[in-house]
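As a basis for the values below, the full set of heavy atoms in this structure was taken, side chains included, without hydrogen atoms, waters or symmetry mates. Residue numbers start from 1 in every chain, and the chains themselves are labelled A, B, ... in the order their sequence lines are given, proteins ahead of strands.
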Amino acid sequence: MPQQDKMQQETIIAGATQHADHPSDDRYDCQRVETKWFNRWQSDPQLYAADPGSAKKKYYVLEMLPYPSGALHMGHVRNYSIGDALTRYMWMNGYNVLHPMGWDSFGLPAENAAIQNNTPPRQWTLGNIAKMKAQMNRLGFAYDWSREVTTCLPDYYRWNQWFFLKFYEKGLAYRKKSKVNWCPKCATVLANEQVVDGCCWRHEDTPVEQRELEQWFLRITNYADELLRDLDKLGGWPEKVRTMQRNWIGRSEGTLVDFKLDYSQPHSGFGPAGATISVFTTRVDTIFGATSVQLAPQHPIVADLAANKPDLRAKVDQLIAEQRKAKEVGDIGEIEKHGVPTGRYAINPFNGEKVPVWVANYILMDYGTGAIMSVPAHDERDYDFAKKYKLEIRLVILPLASDPEETIAEPPLPFIGHEGSLINSDSYSGLECADAIKKMTAEAEKRGFGKATTTYRLKDWGISRQRYWGTPIPMLYCEKDGIVPVPEKDLPVLLPENVEITLAGGSPLGKLPEFVNATCPRCGGPARRETDTMDTFVDSSWYFYRYTDARNDRAPFDSKTAQYWFPIDQYIGGVEHAILHLIYSRFWTKFMRDLGLIGNDEPVERLFTQGMVIKDGAKMSKSLGNVVSPDEMIARYGADAARLYSLFAAPPDRDLDWQDSGIEGIRKFLGRVYRFVVRNAKPDDPDWSKPVPADLPPQARAIQRKLHQTIKRVTDDFQGRWHFNTCISAIMELVNALYSAGAAFQPDAFDSAAFQTESEKSFLPAALLAEVQRSLVLLLAPFAPYLSHELWEMLGEKGNLLKAPWPKYDAVLAKEEEFEIPVQINGKLRSRIVVSADAPENVVLERALADEKVQSAIAGKQIVKKIFVTGKLVNLVVR
RNA sequence: GCCGGGAUGGCGAAAUUGGCAGACGCAGCGGACUUAAAAUCCGCAGGGGCGAAAGCUCUGUGGGGGUUCGAUUCCCCCUCCCGGCACCA
């Protein structure tokens, strides 16, 4: 670049953008540019605010809110880069976008930090939030911070309490003593959803213990059917997540059948007279093949049966121990089947037959009734068990033969299929299975020893936690009035500060007399306050509604406002929340709808689950020492590069293998874009704002075509499959094409990226050069906001890039005029010919046949078939 | 065991409807610029064989079969990796 031109250009740029510190070379100084825009953006708190009164179409983009651990990790950067790109794209397409952020800020780590560093949880948490918010801002994420939600603050958690009272009013919150999962490290109970392979979800090597505790539960099972059914409506959710939820709910239709204990034969009087064992089965049609009843070792009747039999008691205890151990290592399923006969018999109500009652370690107390009828011929587990203990195996279902002439007298056992007909089953013999299930269930109901039932794997949600840093459950215990809810007007029940936190001896709140001692609102007498706090998944079950009206102090949110924004158009987060958070959120939404607060049945229209960020083939973790710090990446390469790389390295739904050399390449690319614009932004050129001439020289036409193809590719990807990696590749190709065009004019030049001389300009008119650069910046804007804003200004644009219109492509201009298409002989590539895009078949075939290489390849052979695919290929089949 | 997802150069990946496998990027090699380096720009590049070279040729998308003029793509069988569920009666 001639020195004089360069100086002149710099003067222009300096005039437009106040670059006092513009470097003398064209190196892209990302820190300088990012600092400049960071400061500008920070000075305008309303910059990204959603417009509540907008006439535009709404779009609600949401990323899962983080736990404020103190620092963002690369998974966050990736998650939020996807959401931010979508947000910016939707703005540019004219939508009124809501894009909020908040903090899932209750939880145990704050208490651990308090113990270790002697810092109060609130102080520790708010400090972390400040740090992470600063990181997010530095990354340039466009959040409407005026709607920030911090779940550990009373203005939020008071509504958790309010909702709890509503649940209680509707009979959907109840207190019950039950066996619960206890994590000794957390020193609190866990919901079923928080137990992974028998261990705590936060402490993967800590087996949960079973404890008997009084707990508050929410009746999520009331919504089990709807939660299951509505999964079919969630077409915008990944099938994988829907399947996981389906499995989790675990709906199973079957029949309850009562087996009476036999008292006719001599027995030592164990068990209450007339006791019945209710079994659950999905295959009542096989009941004539039942040859024993099997009880879970914890089944209540077992205690009676073993009351005066120390031997039996000891064996049962052993079975319980085996089961517990298997659960702890997570291989209940592989457990070696053991059982013990109780010596007692039960009566099959269908045929009056007496079958032995056993206790077995493969029967689970927490599914169905904790008792089964064992049908060895038609159930794999029962078959294994019967073989081991030499119990009778009685065939009662014959498989339907595919050939009706053929009868299968002895099917391989166990036969567990449903396609069969009954034998050895009295009057039911000859019926097909499905029909028999219906008739036999009806008979059981009629005769009063059974009924049709649906069971679920899903259990009610236990929300009590014996911890400090959570929402106090707003309930009181009065000696006279019993359980009494805190009146709404007394909310919030504030979480006291200056609490001594320990992990031993129950809830820390219980040690504070000034918290525990209260007055009963009914009788005015003394009452004791509930000292448990709520599971933090309560906080995240409805936070996204609060965003719509975050400062409301009379209600959790205004219904009308929420209905304008809901459902969430696009929710983005990790698949690890597929069950926990996402099923609770759906439940909460349905409850709020039944309260009349909202009109939608489901909170989230489209869900996107991004892949993990891994390094060296493993999940990033401190113990592996493969953690990449966002701060370090920003310091070395800039926020744009970190964001762009996290989108470029892999499609967003797949795992991303982080490579420092890869982000280095992105930094180079951003420098290349920067240099091109620095050298070619000439907003003072008289032709700069003129329309692009219709009649362009071929080189310019090629650039124009590439531009329109690029716009199409990027736009299509935003609309469809979200493969931002290929979007970015496409933009790179465009930039490469621009450099190549420059190089073609000045093969010997030090740098090809400048169209300087008159002759170059005549080949690439200023109007086109301007259009290409403007579009390039617009295409880059969702991914690399800092650089894009800088270049937008450099191009002389006055309006805010945030809401500049997304570029449109012209399909005609994007269309290739000539193709180089392959010519195959018998499917093998033999030559290529150049044809015009609209050349008809006969012309192309003629050209292909005339080709020298084709000629020699088919010499002496006969053409059997000619295949022509427009714009794709020619294939000649010869013999 | 069941249900998903995946396997493509040295590496991350692309190929959107069955049509030129490896776009784009990293690392690599060569060249230009430079006293030199960095930075930058240009070019080469799946593997094997032949050739001084242009080029020619064979082969190649985890493995085996099939459908088709043509398969990374569709069908069947198998192996391995990742995720979820699991004596769920």
Side-chain angles (χ1 to χ4, degrees), chain A residues 25-27 238-241 243-244 246-248 250-252 254 279-283 294 323 326 330-335 337 360-364 366-375 379-382 384-385 455-457 575-576 578-579 611-612 614 617 645 648-651 653-666 668-669 671-672 675 713 716-717 720-721 723 725-733 736 739-740 742-743 746-753 820-829 832 853 864-867 869 871-878:
Chain A
D25 65 4
D26 294 329
R27 201 171 298 189
E239 191 50 49
K240 177 189 171 134
V241 174
T243 306
M244 284 166 73
R246 236 174 245 128
N247 290 341
W248 187 261
R251 185 190 145 98
S252 170
V279 307
F280 175 73
T281 177
T282 56
R283 295 297 304 273
Q294 302 286 342
Q323 231 184 37
D331 64 352
I332 191 147
E334 318 291 293
I335 194 171
K337 290 181 185 54
N361 64 354
Y362 73 98
I363 309 301
L364 305 174
D366 51 13
Y367 187 80
T369 59
I372 64 152
M373 62 178 203
S374 175
V375 185
D379 182 284
E380 220 163 320
R381 298 151 294 173
D382 295 344
D384 292 347
F385 193 83
T455 62
Y456 299 88
R457 217 184 77 101
V575 74
E576 64 272 18
I579 296 177
M612 280 192 308
I614 58 176
Y645 178 67
F648 175 70
D653 52 342
R654 284 224 243 147
D655 285 353
L656 182 160
D657 191 11
W658 189 275
Q659 296 182 349
D660 284 355
S661 58
I663 190 172
E664 177 71 38
I666 289 292
K668 275 196 222 166
F669 165 68
R672 221 163 133 82
R675 271 190 302 282
R713 281 178 66 181
D716 287 354
D717 243 328
R721 53 178 203 165
H723 280 193
N725 54 332
T726 57
C727 286
I728 295 163
S729 300
I731 298 171
M732 286 174 171
E733 281 183 46
N736 290 348
Y739 273 79
S740 297
Q746 4 177 5
D748 299 325
F750 158 70
D751 190 333
S752 61
E820 189 190 57
I821 66 167
V823 181
Q824 297 179 343
I825 311 291
N826 289 347
K828 286 196 175 176
L829 182 68
R832 295 170 215 268
K853 290 177 192 165
V864 184
K865 197 169 176 183
K866 297 172 192 167
I867 288 145
V869 184
K872 294 282 188 190
L873 62 23
V874 170
N875 187 12
L876 302 171
V877 185
V878 299

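For the pair A:R246 CZ and B:C3 P, the computed distance is 14 Å after rounding to whole Å. In this structure, A:L829 places its CG atom 16 Å from P of B:G19, rounding to the nearest Å. For A:K668 and B:A38, the NZ to P distance is 12 Å, given to the nearest whole Å. In this structure, the CZ atom of A:R27 is 8 Å from the P atom of B:U40, given to the nearest Å. Residue A:I363 contributes atom CD1, which lies 9 Å from atom P of B:C88 at whole-angstrom precision. The distance between atom CE of A:M732 and atom C1' of B:C26, rounded to the nearest whole Å, is 10 Å. Look at OH on A:Y739: it is 9 Å from C1' on B:U40, rounded to the nearest Å. Remark: C1' of B:C24 and CZ of A:F669 are 10 Å apart, rounded to the nearest angstrom.
You'll find that the side chain of A:S661 is closest to B:C26, out of B:C26, B:A15, B:A13. For A:T282, the listed nucleotide lying nearest its side chain is B:A89; candidates were B:C41, B:C24, B:A89. The side chain of A:Y362 sits closest to B:C87 out of B:A14, B:C87, B:C3. Here the side chain of A:R713 is nearest to one of B:U16, B:G19, B:C3, namely B:U16.
By the neighbour-count criterion of 12 heavy atoms within 6.0 Å, atom CD of A:E576 is densely surrounded, having more than that number from other residues, nucleotides or ligands.
Only the P atoms considered, B:C82 is 25 Å distant from B:C88, to the nearest whole Å. When the C1' atom is compared between B:A71 and B:G64, the two are found 15 Å apart, to the nearest whole Å. One C1' atom belongs to B:A23, the other to B:U61, and the distance between them is 15 Å to the nearest Å. The separation of B:U72 from B:G22, taken at their P atoms, amounts to 12 Å, rounded to a whole angstrom. Atom P of B:C78 sits at a distance of 46 Å from the matching atom of B:G51, rounded to the whole Å. B:C50 and B:A54 are spaced 15 Å apart, taking the P atom of each and rounding to whole Å. For the P atoms, the distance from B:C80 to B:G63 is 15 Å, rounded to whole Å.
Applying the 90° criterion around 0 to the glycosidic angle, B:G9 comes out syn.
Donor-acceptor pairing under 3.5 Å is recorded for the side chains of A:D382 and A:Y362.
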Nucleotides 55-61 of chain B: which of its N/O atoms have a protein N/O under 3.5 Å away?
from, atom 1, to, atom 2, distance (Å)
B:U59, OP2, A:K828, NZ, 3.3

Give me, pair by pair, the N or O atoms of the protein and of nucleotides 44-49 of chain B that are less than 3.5 Å apart, along with how far apart they are.
none

N/O-N/O pairs, protein side and nucleotides 66-75 of chain B side, under 3.5 Å:
from, atom 1, to, atom 2, distance (Å)
B:C69, O2, A:N875, ND2, 2.4

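Stretches of at least 3 consecutive Watson-Crick or G-U wobble pairs, with each checked distance under 3.5 Å, appear in RNA chain B as B:1-7 with B:79-85, B:10-12 with B:24-26, B:28-32 with B:40-44, B:46-50 with B:55-59, B:62-66 with B:74-78.
The side chain to side chain donor-acceptor pair (under 3.5 Å) search around A:N736 returns A:R672, not counting sequence neighbours.
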Checklist outcome for this item: Each nucleotide of nucleotides 6-12 of chain B classed B (base within 4.0 Å of a protein heavy atom), S (only sugar-phosphate) or -, in 5' to 3' order, makes -----SB
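A donor-acceptor distance shorter than 3.5 angstrom exists from the side chain of A:Q323 to the backbone of A:I363, with no hydrogens or angles considered. One N or O on the side chain of A:Y645 and one on the backbone of A:Q659 form a donor-acceptor pair closer than 3.5 Å.
If you run side-chain contact (heavy atoms from CB on, under 4.5 Å) between A:M612 and each of A:D655, A:L656, A:V575, only A:D655 comes through.
Between A:N361 and A:K337, the shortest heavy-atom distance links the atoms OD1-CA, 3.5 Å.
Between A:M612 and A:D366, the residue anchored nearer the 5' end of RNA chain B, judged by the nucleotide with its closest heavy atom, is A:M612. Checking A:I666 against A:T726, the closest nucleotide of RNA chain B that is more toward the 5' end is the one next to A:T726.
Within 4.0 Å (heavy atoms only), A:D382 reaches no atom of the nucleic acid at all.
No donor-acceptor contact under 3.5 Å links the side chain of A:K240 to the base of B:C3.
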